[in-house]
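Keep in mind the model is a prediction, meaning the values are calculated, not measured. A, B, ... follow the sequence lines: proteins, then strands. Residue 1 opens every chain.
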Amino acid sequence: MKVLVPVKRVVDANVKVRVKADNTNVDTANLKMALNPFCEIAVEEAVRLKEAGSATEVVVVSIGAKAVQEQLRTSMALGADRAIHVQTDEELVPLSIAKILKAVQEKEQADLVIFGKQSIDGDNNQTGQMLAALTQMPQATFASELKLSADGAEVTREVDGGLQTLKMPLPAVVTADLRLNEPRYASLPNIMKAKRKPLETLSIDDLGVSLKAHQTIVKVTPPAERQAGIMVSSVAELVEKLKNEAKVI
Amino acid sequence: MAILVLAEHDNASLKLDTAKVVSAATAIGGDVHVLVAGSACAAAVTAAQALTGVSKVLVADAAAYEAQMAENLSELVLKLAGDYDYVVAAATSVGKDTLPRVAALLDVAQISEVIEVVSADTFVRPIYAGSALATVQSLDDTKVLTVRTSAFDAVGNEGSAEAVAVDFVAEAKTVFVSQTLTESERPELGSAGVIVSGGRGMGSGENFAILEALADKMTAAVGASRAAVDAGFVPNDLQVGQTGKIVAPDLYIAVGISGAIQHLAGMKDSKVIVAINKDPEAPIFQVADYGLEADLFDAIPELTNLL
């Protein structure tokens with residue numbers, strides 16, 4: 001069984017981004033970059049499936065400029081077997097990413113595609129669902145538990161108000177939520193080994209995908225800053241302020 | 001222009017989120033229809049008919065839609081979408097699961113988590129956990145949007161829309177197995193006027209009992225930071241933050257929460273924020289209207305007693 005894991009390079013979760021002075025975008029120059037945390041969970045899940053003997057091969061794919069190869073190497077250091085880099089310098093909307101991934105999936109014929117549920121830069125939460133729709137695969141988003149059996153996948157999902165369990169035949173799309181697993185740290189020998197694992201580079205043309213423009217970014221602005229309030233010295237003072245000043249209780 | 005709103009409901013009742021999405025739809029302007037897809041969902045339909053500004057309620061009542069699974073729900077919405085310029089849903093677990101499928105099948109982009117309608121084709125949405133706001137103009141013929149409901153006020157209940165049955169039943173390969181919803185007498189995070197949230201400083205799941213006592217006194221919902229969820233203190237459905245629930249209550253009380261960017265992303269639009277933390281350097285104090293530097297194990301019981 002083959003598992004395909006699409007991954008994204010994003011600004012590190014601990015870095016606070018700032019908006020460019022000309023309001024065209026956020027300024028990501030010289031910021032620390034990382035594998036999107038939810039993608040990391042997706043890679044970990046795929047590697048665990050391989051270690052458990054359920055999966056035979058874990059393939060990671062990323063779409064973007066040459067720099068994304070760094071995150072593909074990270075994914076291979078975590079245990080993925082090989083990587084595909086689809087080269088483009090354009091910033092693409094999730095639908096375009098899903099169309100490219102559809103072409104990759106047609107080539108790879110993976111039995112399971114595991115995504116992170118969202119990237120922490122765009123916060124779109126769309127790509128996995130879109131690939132599932134384009135390839136007519138069933139989907140289980142926001143997964144907190146994944147079990148494979150002879151007749152498919154049983155996935156427990158984090159939904160508003162609790163947990164929901166669904167069962168579906170393969171091939172299927174699963175998107176990882178926070179509690180699916182705790183990703184490992186890559187060991188130094190594995191980081192070295194990852195450098196020699198195969199990494200194939202393709203262009204969007206190679207895959208025969210044609211894309212179109214769907215939206216324009218009019219501007220990117222900083223949110224209204226919240227002013228820090230006051231410190232109170234006691235619980236009694238807090239209650240008094242909430243009652244008489246803020247009037248919320 | 002015609003706008004199709006996917007109702008947020010649990011078959012037994014319509015969620016307040018729907019009234020907020022209708023509010024966003026009204027801001028776009030046009031004929032607003034609501035689709036209630038579920039099973040034995042008559043009460044939700046009646047509630048949707050009463051929403052101010054809704055002219056028609058489409059009802060797809062079939063066993064296949066009981067669990068509101070994205071796979072067949074998206075087929076149903078797609079079937080109806082031809083008559084609409086907009087398809088809009090709340091950015092809830094059902095909306096986030098379903099609408100990207102609809103958008104992909106329509107070959108249009110989706111604009112997620114809209115917090116402001118600028119014009120008929122231009123919308124504002126937060127990116128980078130709310131560290132920036134993007135104003136996005138859609139070039140697509142059909143606009144597919146999810147709405148961050150905390151950014152919109154609910155419409156009233158002065159409507160009397162007609163209800164029209166939709167016969168189309170889409171089957172799914174996905175099979176519903178089970179659901180375990182957290183049983184709680186407290187209000188839901190998304191609609192509570194007051195939220196009491198705990199972080200890593202709570203120390204354990206058992207210690208959340210003192211927050212629950214406070215919440216019960218205030219008729220508040222209980223929330224948690226990602227750190228508290230990660231530590232296994234409480235289930236994930238309590239999580240407030242970038243990857244959890246986005247809330248904007250009248251009063252948000254953050255207890256033992258340091259204030260990581262991703263938590264602030266989920267609550268910084270609350271009207272009044274109170275932070276109780278023993279670390280005077282905690283970043284949460286920078287966004288709090290009222291900060292109290294104190295040991296929460298002393299302060300919370302005292303607060304509960306004083307209310």
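Top candidate by heavy-atom pairs under 4.5 Å with chain A, chosen from A260(B), A294(B), A104(B), G291(B), is G291(B). By number of non-hydrogen pairs under 4.5 angstrom with chain B, the leading residue of E154(A), Q227(A), K16(A), E225(A) is K16(A). Listed options I273(B), V177(B), T92(B), L99(B) were ranked by heavy-atom pairs under 4.5 angstrom with chain A; first place goes to V177(B). Contact count against chain B (heavy-atom pairs under 4.5 Å) is highest for L178(A) among L131(A), L178(A), V159(A), V11(A). Contact count versus chain B (heavy atoms, under 4.5 Å) is highest, among Q129(A), M130(A), R226(A), for R226(A). Most heavy-atom pairs under 4.5 Å with chain B, from the set Q136(A), R157(A), Q118(A), E182(A): that is R157(A). Ranked by heavy-atom pairs under 4.5 Å with chain A, the list Q286(B), E293(B), M69(B), Q239(B) is led by Q286(B). The most heavy-atom pairs under 4.5 Å with chain A, out of I127(B), T182(B), T180(B), come from T180(B). The residue among L307(B), D107(B), I111(B), V272(B) with the most heavy atom pairs within less than 4.5 Å of chain A is D107(B). Residue with the most contacts toward chain B among L238(A), V232(A), V155(A), V248(A): V232(A) (heavy-atom pairs, distance under 4.5 Å). Per-residue heavy-atom pair counts under 4.5 Å with chain B were compared for T141(A), D160(A), L95(A), V220(A), and the maximum is reached by D160(A). Taking V287(B), T146(B), I276(B), V118(B) one by one and counting their heavy-atom pairs under 4.5 Å with chain A, the maximum is reached by V287(B).
Both the backbone and the side chain of A236(A) come within contact range of chain B, with heavy atoms under 4.5 Å apart. With a 4.5 angstrom heavy-atom cutoff, V274(B) touches chain A only via side-chain atoms. Proximity to chain B involves both the backbone and the side chain of I217(A), based on heavy atoms less than 4.5 angstrom apart. Using a 4.5 Å cut-off between heavy atoms, T156(A) does not touch chain B at all. Within the 4.5 angstrom heavy-atom criterion, only side-chain atoms of V26(A), from C-beta onward, approach chain B. Contact annotation for V17(A): both backbone and side-chain heavy atoms come within less than 4.5 Å of a heavy atom of chain B. Using a 4.5 Å cut-off between heavy atoms, A67(B) touches chain A through backbone and side chain atoms alike. Neither the backbone nor the side chain of R18(A) comes within contact range of chain B; no heavy atoms are under 4.5 Å apart. With a 4.5 angstrom heavy-atom cutoff, K271(B) touches chain A only via backbone atoms. With a 4.5 angstrom heavy-atom cutoff, L303(B) touches chain A via backbone and side-chain atoms both. In this structure, the portions of S138(B) lying under 4.5 Å from any heavy atom of chain A include both its backbone and its side chain. Proximity to chain A (any heavy atom under 4.5 Å) is restricted, for E71(B), to the side chain, taken from C-beta onward. No part of T24(A) comes within reach of chain B, as not one of its non-hydrogen atoms sits under 4.5 angstrom from that chain. Heavy atoms of A246(A) lying under 4.5 Å from chain B belong to its backbone as well as its side chain. Proximity to chain B (any heavy atom under 4.5 Å) is shown, for S96(A), by neither the backbone nor the side chain. Residue L292(B) touches chain A through both its backbone and its side chain, counting heavy-atom pairs closer than 4.5 Å. For P223(A), the parts sitting under 4.5 Å from any heavy atom of chain B are the backbone and the side chain alike.
With 3.5 Å as the limit, one finds no donor-acceptor pair spanning the side chains of N23(A) and T221(A). Between the side chains of S13(B) and D10(B), at least one donor-acceptor pair of N or O atoms lies under 3.5 Å. A donor-acceptor contact closer than 3.5 angstrom is absent between the side chains of T88(A) and E90(A). Side chain to side chain, T142(B) and D140(B) fail the donor-acceptor criterion of an N or O pair below 3.5 Å.
Remark: the backbone N or O of V218(A) is not paired with any side-chain donor or acceptor of T216(A) at under 3.5 angstrom. Not a single donor-acceptor pair under 3.5 Å links the side chain of Q139(A) to the backbone N or O of A132(A). At least one donor-acceptor pair under 3.5 Å links the side chain of E44(A) to the backbone N or O of R184(A). Side-chain atoms of K217(B) come within 3.5 Å of backbone N or O of T304(B) as a donor-acceptor pair. Formation of a donor-acceptor pair under 3.5 Å by the R125(B) side chain with backbone atoms of D123(A) is found in this model. Remark: the backbone N or O of D279(B) is paired with a side-chain donor or acceptor of N277(B) at under 3.5 angstrom. Looking only at distances, no side-chain donor or acceptor of D12(A) sits under 3.5 Å from a matching main-chain atom of A34(A).
The shortest distance between side-chain heavy atoms of Q105(A) and M137(A) falls below 4.5 Å.
No more than 12 heavy atoms of other residues, nucleotides or ligands sit less than 6.0 Å from atom NZ of K219(A). Annotation for K167(A): atom NZ does not count as buried by contact number, only 12 or fewer foreign heavy atoms lying within 6.0 Å. In this structure, E240(A) places its CD atom where more than 12 heavy-atom neighbours from other residues, nucleotides or ligands lie under 6.0 Å away.
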*Show your working on side chain to side chain contact (heavy atoms under 4.5 Å, CB included) between E237(A) and Y290(B) and close with a plain yes or no.*
CA-CA 10 Å; E237(A) 188 188 348; Y290(B) 301 105; over 6 Å; no

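Checked for salt-bridge contact, E113(B) and R148(B) meet the test: a charged N lies under 4.0 Å from a carboxylate O.
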